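What follows is one structure encoded as structure tokens, with my remarks underneath.
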2 protein chains.
Amino acid sequence: MTKATTAPIEPSATIADRIFDQLRQAIVEGSIPAGSKISEPVLAARYGISRGPLREALRRLESIKLVERRANVGARVIQLNSDQLLEIYDVREALEGMAARIAAERMPDEAIDEIKRLLAQHRGEIARDDWQTYFQEEGDLDFHFRIVQGGGNQRLFDILCNDLYHLARMYRCQFGMRSERARDALKEHELIVDAIAARDGELAEWLMRRHIRASREAIARRLVPQTGR
Amino acid sequence: MTKATTAPIEPSATIADRIFDQLRQAIVEGSIPAGSKISEPVLAARYGISRGPLREALRRLESIKLVERRANVGARVIQLNSDQLLEIYDVREALEGMAARIAAERMPDEAIDEIKRLLAQHRGEIARDDWQTYFQEEGDLDFHFRIVQGGGNQRLFDILCNDLYHLARMYRCQFGMRSERARDALKEHELIVDAIAARDGELAEWLMRRHIRASREAIARRLVPQTGR
DNA sequence: TCAATCCTGATTGTCGACAATGCTGCAGAT
DNA sequence: ATCTGCAGCATTGTCGACAATCAGGATTGA
């Protein structure tokens with residue numbers, strides 16, 4: 001599994017960068033519980049640094065919406081609720097649909113072949129039935145990551161991979177929601193890649209949007225069984 | 001003209017907040033030229049503050065992509081190029097299309113009436129032919145702002161109004177590009193509002209995407225007459 | 001008993017100084 | 001003449017201390 005969504009660790013970057021990465025991972029994976037208050041002095045002491053770099057890291061976490069800050073009050077880890085999760089899926093539907101369209105227009109052939117190999121590998125993993133669904137989920141993110149990357153739209157990439165994907169991972173870690181949609185999702189992935197390989201941007205966008213909408217509905221159904229919104 | 005895209009000035013917020021607003025405005029309007037290097041000591045001295053709040057403001061400007069920073073080297077104001085501008089319009093097409101769809105589903109009736117009044121006012125301004133195109137452009141942003149706000153998707157709102165709209169304004173100020181598309185744009189705006197009022201989300205999205213795509217093409221035509229990409 | 005007020009404690013915002021890193025110009029060698 | 005290495009300088013990153021602000025609890029009055 002390629003560590004596609006995880007930035008490679010630059011060893012001698014600045015302290016603030018390192019703390020930022022550590023905190024982001026801790027928040028996403030739940031080591032720092034959602035909704036908990038963040039005290040600058042105690043965190044600085046725990047990581048053995050000063051408050052300066054820590055504050056910079058907190059600012060960056062705020063900019064990607066993982067923590068909320070109020071002046072003179074402090075910072076809290078974001079508290080996820082179902083409405084915001086559904087909002088994210090609406091944004092993903094729009095952006096990744098466009099990403100699929102652009103990928104169909106401009107993605108290099110080699111990158112498409114690589115995604116095909118990736119999907120073949122996923123197919124094998126799912127065939128070995130009860131394999132860790134965790135890796136299936138990671139593979140799902142990896143697939144979406146490559147589609148976005150393939151089109152070469154840097155801003156699209158930033159929004160999705162620096163902000164939204166971390167939120168999606170955070171939800172999975174917190175709610176432990178493993179989708180039993182793995183097989184359907186894989187099938188949909190293959191259709192999308194076929195459309196991209198055929199350079200059919202309109203179809204690729206339509207399929208991607210339907211795919212994400214299906215994920216959204218599966219989540220909405222599980223969150224509040226009585227309502228779809 | 002409502003100051004929709006300009007946050008109201010909180011008088012006694014933190015220093016960093018105030019400097020952030022001032023710098024953002026200065027960059028967007030060109031007072032600080034694009035591509036120029038930013039020196040922390042000289043800027044701190046000019047605004048009469050310390051480097052601490054200034055660094056926080058720079059970090060926030062970096063998060064909305066108005067400045068670029070490299071460790072141990074410094075910060076520069078972003079240098080706009082035509083490719084990135086076109087990228088932004090792709091993102092806007094996707095996001096605002098979704099925003100129009102959501103607005104058609106959930107925007108309150110009163111807000112729709114308000115937009116209708118706004119458009120009527122714009123129509124009057126355009127009728128008085130050579131009225132400052134500046135205000136027409138501001139009115140255009142105001143229209144889009146209200147559509148996004150009407151749907152109530154907070155994340156969609158953040159991405160568009162905190163990041164992309166500032167970039168769009170920056171381009172206009174820098175290149176002084178006043179669109180002679182004002183009449184066409186107004187007509188398209190009216191169609192979009194009609195679709196929203198009719199609660200036809202699919203049509204609203206389709207019209208909004210076509211509208212933004214038309215703006216994109218108009219810009220692409222002016223930027224590099226020989227290519228549309 | 002309840003509400004309003006004040007006080008206290010802690011936390012955050014701000015500042016100036018020090019250390020570390022990258023860039024620039026010059027001298028010297030090939 | 002061009003390239004390489006070094007030294008100096010400027011800028012950024014980091015740190016500890018001080019001031020400003022807010023949350024919570026105790027106290028007092030009705």
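Throughout, protein chains are lettered first and strands after them, A, B, ... in sequence-line order, and every chain is numbered starting at 1. The structure displayed is predicted, hence computed values, not measured ones. No hydrogens, no waters, no symmetry mates; every other heavy atom, side chains included, goes into these values.
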**Item:** Protein proximity profile, nucleotides 11-17 of chain C - base contact B, sugar-phosphate-only contact S, no contact -, cut-off 4.0 Å on heavy atoms
**Value:** -BBBBBB

**Asked** Does the pair Lys65(A) and Asp163(A) meet the rule for a side-chain contact (heavy atoms from CB on, under 4.5 Å), with working shown?
**Response** CA-CA 7 Å; Lys65(A) 306 290 169 53; Asp163(A) 297 3; 5.7 Å; no

Polar atom pairs (N or O), protein with nucleotides 8-10 of chain D, under 3.5 Å:
none

**Asked** Does the pair Asp140(A)/Arg172(A) count as a salt bridge with the N-to-O cut at 4.0 Å?
**Response** yes

**Asked** Angle, rounded to 10°, between the helical axes spanning five pairs at each terminus of the helix from dT1(C)-dA30(D) to dT30(C)-dA1(D)?
**Response** 20°

**Prompt:** Under a 4.0 Å N-O cut-off, is there an ion pair linking Arg24(B) with Asp21(B)?
**Reply:** yes

**Prompt:** Are the charged groups of Arg117(A) and Asp113(A) less than 4.0 angstrom apart, N to O?
**Reply:** no

**Prompt:** Listed by chain and number, what are the ring-ring contact (aromatic ring centres under 6.0 Å, His included) partners of Tyr89(A), not counting sequence neighbours?
**Reply:** none

**Message:** Once salt bridge (charged side-chain N to carboxylate O under 4.0 Å, His left out) is applied, do any residues pair with Glu62(B), and if so which ones, sequence neighbours excluded?
**Reply:** Arg59(B)

**Request:** Identify, with sequence neighbours excluded, every residue that meets salt bridge (charged side-chain N to carboxylate O under 4.0 Å, His left out) alongside Glu93(B).
**Result:** Arg209(B), Arg213(B)

**Item:** Value rounded to 0.5 Å, distance of CE in Met170(A) from CG in Leu80(A)
**Value:** 4.5 Å

**Asked** Does a salt bridge link Glu87(B) with Arg106(A), judged by any charged N lying under 4.0 Å from a carboxylate O?
**Response** no

**Asked** Hey, is Asp158(B) close enough to Arg155(B) for a salt bridge, meaning N to O under 4.0 Å?
**Response** no

